[in-house]
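Protein chains get the first letters and strands the later ones, always in sequence-line order, with residue 1 at the start of each.
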Amino acid sequence: MTMMRSSSSSSSTLSLLKSCKTLRNLEQVHALIIRKGSEQDHVLVTEFISICNSISPKHVTYASTVFDRVLQPNIYLWNNLLKCHCTHSSMATSINFFKRMKQSCYVAADKYTFPSLVKACSRVLALREGQVVHGLIVKYGTEFDVFVGSSLVDLYGKCGEIVNARKVFDEMLVRNEVTWTSMIVGYLKIGDHLEAKKLFDEMPQRNVFSWNVMINGFVKSGDLVSARVLFDEMPDKSMVTFDTLIDGYAKSGDMVSARSLFDQSPEKDIVSWSALISGYAQNGQPKEAVKVFNDMLSRNVKPDEYVMVSLMSASAQAGDWELAKWVDYYLSECSIDLGQNHIAAARVDMHAKCGNLERAATLFEKMPTRDLISYCSMIQGLSVHGHAVRAVALFQRMLAEGLTPDYAAFTIILSACSHADLVDEGCHFFDCMINEYSLAPLTDHYACIVSLLGRAGRLKEAYDILKELPMELHAGAWGSLLWACRVHGDVSLGKEVAGRLFKIEPQNAANYVLLSDIYAASNQWSDVNDVRNQMNEKGIRKLRGCSWL
DNA sequence: GTAGGGTTAG
């Protein structure tokens with residue numbers, strides 16, 4: 001403050017302003033501006049707004065109040081606060097602010113006004129609003145500015161309006177790397193990799209963005225070979241370049257390449273660590289994921305929400321109760337926003353899969369709103385740990401809350417019923433799936449319902465469900481029905497079912513053995529012999545329990 | 001005399 005008092009000229013206030021790092025600093029300089037009667041100093045207020053914007057998105061309102069005290073804001077001021085709104089507020093807020101600006105008789109929009117406004121539209125793919133802005137751009141005569149043009153190419157490209165994007169691009173008088181890159185993004189967006197690559201090869205200058213965009217385009221389309229070729233050609237790779245390809249390898253399941261590139265990467269940022277951890281978790285190597293996570297901690301890299309979600313998924317898969325407890329504790333201590341549904345759902349899922357059902361239930365109930373994902377995590381947790389009745393009750397509650405179950409939700413509830421022989425409930429949900437939610441059951445759903453009916457001895461009902469379906473898709477369900485026929489000694493249905501199974505999987509010894517057992521159980525020894533002869537004729541050998549290890 | 005804009009990754 002002593003330093004502030006001694007400063008008298010506007011330029012020293014300006015440099016003080018530039019050195020502000022926190023809201024507290026800003027407030028102090030703000031007080032100084034007021035005391036010195038500089039509230040109408042356009043340069044100072046412009047800088048103030050810009051600093052507000054860079055310190056935190058939350059300070060847009062603060063910037064607005066300072067702006068509102070300026071009697072005749074000039075174009076710099078309007079444009080600067082418009083930019084704040086465009087980067088942090090909703091598109092509607094930004095457009096409303098722009099309307100206020102248009103009504104002000106002191107200023108006219110210029111070429112600096114529009115790029116951020118177009119970006120506000122492109123961010124939310126608001127094509128209609130973007131087109132209106134494009135009209136204004138022409139009206140104000142700013143369409144030949146390279147920044148304005150690039151923003152329009154970006155808007156149309158991101159909205160999939162490739163013809164309009166190209167039209168703007170072709171009509172521009174000056175194009176730079178950003179213009180070309182935006183055009184390439186447009187072609188990649190509609191999946192035209194050939195045209196994208198053509199532009200990439202044609203463009204006079206490339207920067208790091210252009211390379212990364214093109215590499216990412218190949219990665220997204222699954223063409224990791226082309227991505228790698230470009231990667232190896234690229235002169236000055238950035239962190240993003242490594243991140244993109246490491247993540248591409250990890251998502252495609254090629255953890256060997258992902259790991260090797262990660263090890264080559266000169267620095268490792270949070271995105272690379274996250275890609276590797278998530279890759280191991282998604283590819284069934286939870287232990288490896290945890291190892292990488294520990295390695296990351298030991299290098300003092302702070303995990304973020306992406307990393308924590310992957311780590312929770314790994315803990316859930318590994319069923320590692322101790323690890324789950326530690327992760328839970330870590331989450332409660334760190335600054336990650338635990339209110340987000342996908343994080344809460346992952347947390348519930350982790351505890352449920354690790355068998356800590358009470359903790360899962362507590363977290364589940366504490367969620368402000370429960371979505372389908374978190375319900376399913378909780379229901380599945382109850383089901384696999386033997387609480388089918390609670391699982392059914394929770395499923396009912398989910399329906400009562402008005403959530404719409406999908407295929408996966410029905411698989412979970414039918415399998416819960418099937419594990420606990422809840423026949424009536426299972427039949428009810430199966431019926432509900434078809435008639436109330438208009439979902440045609442898939443293989444897994446048929447397998448659950450048939451095994452459920454079969455174990456309950458309701459063989460005819462199971463048969464009636466299956467007989468109308470294309471057999472090839474449901475061999476498993478037919479097999480489970482045959483098993484039920486053996487358990488309940490139904491010879492005639494067993495013969496019928498086995499006959500069908502022999503047609504679609506003639507080499508599966510288990511079906512012959514089951515039929516032969518069915519005959520044997522009712523003392524039809526000549527039929528037993530017939531089945532054995534059939535097996536011999538077809539050269540099928542009964543598989544003995546064996547292990548390759 | 002002094003100020004401002006557009007393109008990439010999980």
Just call it for [X]: base, sugar-phosphate, or nothing, with non-hydrogen atoms closer than 4.0 Å on any strand.
X: L44(A); answer: nothing
X: K18(A); answer: nothing
X: I270(A); answer: base
X: V271(A); answer: base
X: T241(A); answer: nothing
X: K111(A); answer: base
X: D243(A); answer: base
X: N79(A); answer: base

Phosphate OP1/OP2 of [N] contacted by [X] side-chain N/O (<4.0 Å):
X: K268(A); N: dG10(B); value: no
X: K83(A); N: dG6(B); value: no
X: K237(A); N: dA9(B); value: no

N/O donor-acceptor pair, side chain S150(A) with base dG6(B), under 3.5 angstrom:
yes

Side chain of N80(A), base of dA3(B): donor and acceptor closer than 3.5 Å?
no

Let's see if you can work this out: which of [options] has an atom nearest to the side-chain heavy atoms of [X]?
X: F209(A); options: dA3(B), dT8(B), dG6(B); result: dT8(B)
X: Y306(A); options: dG6(B), dG10(B), dT8(B); result: dG10(B)
X: D304(A); options: dG10(B), dG6(B), dG4(B); result: dG10(B)
X: K220(A); options: dG6(B), dT8(B), dG10(B); result: dG10(B)
X: V213(A); options: dT8(B), dG4(B), dG10(B); result: dT8(B)
X: T244(A); options: dA9(B), dA3(B), dG6(B); result: dA9(B)
X: V307(A); options: dG10(B), dA3(B), dG6(B); result: dG10(B)
X: K119(A); options: dT8(B), dG4(B), dT7(B); result: dT7(B)

Aro-ring/base stack F147(A)-dG6(B), d under 5.5 Å, angle under 30°:
no

Value for CE (M296(A)) from CD1 (I270(A)), rounded to nearest 0.5 Å, stands at 3.5 Å

Between [Y] and [X], do the side chains contain a donor N or O and an acceptor N or O under 3.5 Å apart?
X: H42(A); Y: Q72(A); value: no
X: R128(A); Y: Q131(A); value: yes
X: S122(A); Y: D154(A); value: yes

Roughly, in whole Å, what's the span from NZ in K189(A) to P in dT8(B)?
12 Å

Interatomic distance, I343(A) CD1 vs dG10(B) C1' [rounded to whole Å]
13 Å

What orientation do Y330(A) and F293(A) show, parallel under 30°, tilted 30 to 60°, or perpendicular over 60°?
perpendicular

Between W78(A) and F67(A), how do the two ring planes meet: parallel, tilted or perpendicular, split at 30° and 60°?
perpendicular

Would K111(A) pass as a cation-pi partner of F147(A), given that its NZ or CZ must be under 6.0 Å from the six-membered ring centre and within 45 degrees of the axis?
no

How far apart are the C-alpha atoms of N207(A) and S210(A), what are their side-chain angles, what is the distance that settles it, and do they pass the side chain to side chain donor-acceptor pair (under 3.5 Å) test?
CA-CA 5 Å; N207(A) 63 17; S210(A) 345; 2.8 Å; yes

Return the residues of residues 190-207 of chain A meeting this criterion: a heavy atom under 4.0 Å from some atom of DNA chain B. Order them by number, or give none.
N207(A)

Show the numbers, then the answer: is there a side chain to side chain donor-acceptor pair (under 3.5 Å) between D223(A) and H193(A)?
CA-CA 10 Å; D223(A) 184 356; H193(A) 293 81; over 6 Å; no

